[in-house]
2 protein chains.
Amino acid sequence: MAKKSELLPGTLDMLILKTLTRAPLHGYGIAQSIKRLSDDVLTVEEGSLYPALQRLLLQGWVKAEWKKTETNRRARYYTLTPAGRKQLGEELSQFEVMIAAIGRVLQDA
Amino acid sequence: MAKKSELLPGTLDMLILKTLTRAPLHGYGIAQSIKRLSDDVLTVEEGSLYPALQRLLLQGWVKAEWKKTETNRRARYYTLTPAGRKQLGEELSQFEVMIAAIGRVLQDA
DNA sequence: GCCAATATATAGATTGACTATGGATAGATT
DNA sequence: AATCTATCCATAGTCAATCTATATATTGGC
């Protein structure tokens, strides 16, 4: 049996970066935001999220800062960098090109 | 450096199955068809294609038959099975749900 | 004779997302 | 006080899918 993924592989980084264009957020909040905006269709598991955030940090696309949440918890807030914004733009247009291409293949006749 | 995929991962089986709804085809022809219909955006590498076809055979979603091509070469023609047609339907609707969800996340504000 | 295009296939590497686990704290409930 | 739920971070190990690279073989054109 094929394991049903909670995400379309290859789209996670883009979703995270996009989420951070709205406001800096901690990891848990990013996952919540994606889940909520997608009406529970997209669920980002912790084992996908945190490695992804490490990747993004390493690439310099986000930066992180420890802060207190409104509820007084310690959390790591991620902010989009200019390089991250540029990267997001590229991923978005690449994604649109791909989706359009897939659409053409899926068209009838 | 991130390797740029020629496909949106997770969509290959769907693309192959869809291609076979038009007519039975050999592997090389499937790749050609996807490439052409997508205006060269989607390129299915051999190392992706043939393993994918093996998976589909194993799942019973396609069946294969050795034949001669129009140009007199020996080639393996793949045909969609009823189970494959059903599978394609499920993958298509799942895909649409995902794309719609991603679209919501990518919307501004 | 040689080369490009057609045709199949596997081995091995890489990537990305998953499961499973470990930790810690706040706030509410019992 | 103890326990539970939700919030929060992170890593190790696994698995599946795609990629690169390679091997083989045939047809047709130059």
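First the proteins, then the strands, lettered A, B, ... as listed; each starts at 1.
Rounded to an integer number of Å, the gap from A/Glu65 CD to D/dC9 C1' is 16 Å. In this structure, A/Glu70 atom CD and C/dA26 atom C1' are separated by 14 Å, rounded to whole Å. Distance B/Glu6 CD to C/dT14 C1': 15 Å, rounded to the nearest Å. Atom NZ of A/Lys68 is separated from atom P of C/dG27 by 11 Å (rounded to the nearest Å). Rounded to whole Å, atom C1' of C/dT15 lies 14 Å from atom CG of A/Leu56. Distance CG (A/Leu15) to P (C/dG16): 14 Å, rounded to an integer number of Å. Nucleotide D/dA16 holds its C1' atom 12 Å from the CD atom of B/Gln59, rounded to whole Å. Between A/Leu49 atom CG and D/dT7 atom P the separation is 14 Å, expressed in whole Å.
Residues B/Leu49 and B/Tyr77 are members of separate hydrophobic clusters, defined by side-chain heavy-atom contacts under 4.5 angstrom among Ile, Leu, Val, Met, Phe, Trp and Tyr.
With D/dC19, D/dC8, C/dT8 as the candidates, the nucleotide lying closest to the side chain of B/Arg76 is C/dT8. The A/Leu7 side chain lies nearest to C/dC18 when the options are C/dA7, C/dC18, D/dC19. Distance from the side chain of B/Tyr50 is smallest to C/dA9 among C/dA26, C/dA9, D/dT18. With distances taken from any side-chain atom of A/Pro51 to the nucleotides D/dT27, C/dA17, D/dT11, the minimum falls on D/dT11. The side chain of A/Gln54 lies closest to D/dA10, out of D/dT18, C/dA17, D/dA10. Of the candidates C/dA17, C/dT8, C/dT6, C/dT8 carries the atom nearest the B/Trp66 side chain, counting heavy atoms from C-beta on.
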Next on the checklist: Evaluate A/Leu56 against A/Tyr78 for side chain to side chain contact (heavy atoms under 4.5 Å, CB included), listing each step before the verdict.
Outcome noted: CA-CA 10 Å; A/Leu56 298 179; A/Tyr78 294 87; over 6 Å; no
Checklist entry - Is there a side chain to side chain contact (heavy atoms under 4.5 Å, CB included) between B/Leu12 and B/Ser48 once you walk through the steps? => result CA-CA 8 Å; B/Leu12 178 55; B/Ser48 311; 4.0 Å; yes
Checklist entry - Can B/Lys35 and B/Val44 be said to form a side chain to side chain contact (heavy atoms under 4.5 Å, CB included), step by step? => result CA-CA 7 Å; B/Lys35 191 179 178 66; B/Val44 183; over 6 Å; no
Item to check | Evaluation steps, side chain to side chain contact (heavy atoms under 4.5 Å, CB included), between B/Leu20 and B/Val62 | outcome: CA-CA 9 Å; B/Leu20 293 179; B/Val62 301; 3.6 Å; yes
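Comparing B/Ser48 and B/Arg73 by the nucleotide of DNA chain C whose heavy atom lies nearest to each, the residue mapping closer to the 5' end is B/Arg73.
Residues from residues 23-47 of chain B with heavy atoms under 4.0 angstrom of DNA chain D, sorted by number: B/Glu45, B/Glu46, B/Gly47.
Separating the CD atom in A/Gln54 from the OH atom in A/Tyr50 is a distance of 10.5 Å, to the nearest 0.5 Å.
The only member of A/Gln59, A/Arg55, A/Gln87 that meets side chain to side chain contact (heavy atoms under 4.5 Å, CB included) when paired with A/Asp13 is A/Arg55.
Taking side-chain N and O atoms only, A/Thr69 has no distance below 4.0 Å to OP1 or OP2 of D/dT7. A sub-4.0 Å separation between OP1 or OP2 of D/dT26 and a side-chain N or O of B/Thr71 is absent. At D/dA10, none of the side-chain N or O atoms of A/Arg74 fall inside 4.0 Å of OP1 or OP2 (strictly under the cut-off).
A 3.5 Å limit on both hydrogen-bonding distances identifies D/dA1 as the Watson-Crick or G-U partner of C/dT30.
For the residue pair B/Thr81 and B/Lys63, no side-chain donor N or O sits within less than 3.5 Å of a side-chain acceptor on the partner.
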